[in-house]
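Here's the structure, in structure tokens; my notes come after.
All values reported here derive from a predicted model rather than from experimental measurement.
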Amino acid sequence: TVYVVGPSSTGKTTLCNALAAQLGLLHEVYVTEVARTVMREHAFTREEVHTQAMQEAIAHAHVAREKEARRVAAEHGSLVLCDRCALDAVVYGMLNSEAQGQILMDIPTIRGALEDYRSAWAHVVLLAPVADWMVDDGVRSMQDGETCVEMYRLLLRELRIAYLEVGEDCRPLEDRV
């Protein structure tokens, strides 16, 4: 499973779409960003992005989609590609407060996903912010990208999850793919 994570507007979805096309992945093994769907289904707003309720709903939805994608991938001998992962909820919680980040970290759904994120078959790619890509679309949380990417680095190291960081040094999409 490949997990592409990072702050808003770092090109996660762009990279995932290009990877999915390049690899010819089935739609069922490509877990697209679930946050927008959760926001619509639960009537959350951008102002609520750091609430525990919203982040918990996103984490649950993401883990459910990951599990289903792994089931289909096993049937077809395919890899799974995830635009984000459940740890995003923890990072966004940490940006709000350390206490909220810890509460989210203790949710059984997130705790259960850690084994998957630490496994030998998991590949986490952390996209660092590139100033030119930071565009407000009216939905994304436009937190300071450097602060957010540092939270990802700290959390991934603390949880002993190996990751590859890609940023300014790898701007062309073809290079990232």
Side-chain angles (χ1 to χ4, degrees), residues 1-8 10-44 48-95 100-127 139-141 148 151-166 177:
T1 303
V2 176
Y3 301 96
V4 180
V5 301
S8 293
T10 52
K12 294 177 297 297
T13 300
T14 300
L15 176 57
C16 286
N17 288 340
L19 280 169
Q22 178 77 22
L23 298 170
L25 293 180
L26 296 170
H27 173 74
E28 295 84 2
V29 299
Y30 174 22
V31 179
T32 56
E33 181 185 14
V34 299
R36 291 171 197 264
T37 302
V38 169
M39 288 177 77
R40 272 192 313 274
E41 289 175 354
H42 296 273
F44 287 120
E48 296 172 288
V49 76
H50 292 293
T51 65
Q52 182 177 330
M54 180 173 162
Q55 292 306 323
E56 194 168 335
I58 291 169
H60 288 302
H62 207 288
V63 169
R65 292 272 320 275
E66 288 175 28
K67 286 180 181 177
E68 178 59 18
R70 280 195 297 278
R71 185 191 67 70
V72 172
E75 290 175 2
H76 295 277
S78 176
L79 65 79
V80 173
L81 176 61
C82 294
D83 184 344
R84 300 190 169 264
C85 74
L87 291 178
D88 287 358
V90 177
V91 170
Y92 281 91
M94 289 168 56
L95 287 167
Q100 185 180 22
Q102 188 56 56
I103 289 167
L104 288 162
M105 191 68 233
D106 290 336
I107 293 170
T109 300
I110 293 175
R111 280 277 171 217
L114 290 180
E115 185 176 322
D116 294 329
Y117 302 154
R118 288 185 185 124
S119 75
W121 49 264
H123 303 282
V124 177
V125 178
L126 173 62
L127 296 185
V139 175
R140 294 180 178 103
S141 171
C148 191
M151 291 289 197
Y152 277 101
R153 290 177 188 129
L154 291 170
L155 183 63
L156 292 167
R157 284 192 301 255
E158 178 183 312
L159 296 173
R160 297 179 319 281
I161 297 172
Y163 67 95
L164 169 68
E165 186 169 331
V166 177
V177 170

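- In this structure, Tyr30 and Cys16 approach most closely via the heavy-atom pair OH-CB, 3.2 Å.
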(message) Run the side-chain contact (heavy atoms from CB on, under 4.5 Å) test on Leu159 and Val90 for me, step by step, so that the C-alpha distance in whole Å, both residues' side-chain angles and the decisive distance to 0.1 Å come before the verdict.
(response) CA-CA 12 Å; Leu159 296 173; Val90 177; over 6 Å; no
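- What you find for Thr109 and Ala59 is that their closest heavy atoms are CG2-O, 4.0 Å.
- In terms of heavy atoms, Ala89 sits closest to Leu104 at O-CD1, 3.3 Å.
- The shortest distance between side-chain heavy atoms of Tyr92 and Met151 does not fall below 4.5 Å.
- Side-chain atoms of Ile161 and Leu114, non-hydrogen and from C-beta on, do get closer than 4.5 Å to each other.
- For the pair Val125 and Glu165, the minimum side-chain heavy-atom distance is 4.5 Å or more.
- Between atom CD of residue Gln55 and atom CE of residue Met94 there is a gap of 12.5 Å, rounded to the nearest 0.5 Å.
- Between Val72 and Val80 the shortest side-chain heavy-atom distance does not fall below 4.5 Å.
- Annotation for Cys148 and Leu95: closest pair SG-CD1, 3.8 Å, computed over non-hydrogen atoms.
- With hydrogens and angles left out, the side-chain atoms of Asp83 and Thr13 include a donor and acceptor closer than 3.5 Å.
- Considering only heavy atoms from C-beta on, Leu156 comes within 4.5 Å of Leu87 through its side chain.
- The heavy-atom pair separating Cys85 from Tyr3 by the smallest distance is CB-CD2, 3.7 Å.
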(message) Between Val31 and Thr1, does the side-chain contact (heavy atoms from CB on, under 4.5 Å) criterion hold? Intermediate values first, please.
(response) CA-CA 10 Å; Val31 179; Thr1 303; over 6 Å; no
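- The shortest distance between side-chain heavy atoms of Arg111 and Met105 falls below 4.5 Å.
- Of all heavy-atom pairs spanning Leu81 and Ala20, the tightest one is CD2-N, 3.8 Å.
- Here the side chains of Leu25 and Leu79 are in contact, with some heavy-atom distance below 4.5 Å.
- Within the model, atoms CE of Met39 and CE of Met54 stand 4.0 Å from one another, a figure rounded to the nearest 0.5 Å.
- Across His60, Arg65, Glu66, a single residue satisfies side chain to side chain donor-acceptor pair (under 3.5 Å) together with His62, and that is Glu66.
- Looking only at distances, no side-chain donor or acceptor of Lys12 sits under 3.5 Å from a matching main-chain atom of Leu127.
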(request) Would you please test Ile58 and Asp88 for side-chain contact (heavy atoms from CB on, under 4.5 Å) and show each step? (result) CA-CA 9 Å; Ile58 291 169; Asp88 287 358; 5.9 Å; no
(request) Evaluate the criterion side-chain contact (heavy atoms from CB on, under 4.5 Å) for residue pair Val29 and His76; output intermediate values, then yes/no. (result) CA-CA 9 Å; Val29 299; His76 295 277; 5.8 Å; no
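- Contact of the Asp116 side chain with the Trp121 side chain is registered, since non-hydrogen atoms from C-beta on lie closer than 4.5 Å.
- Tyr117 places a side-chain N or O within donor-acceptor distance of the main-chain N or O of Ala86, the cut-off being under 3.5 Å.
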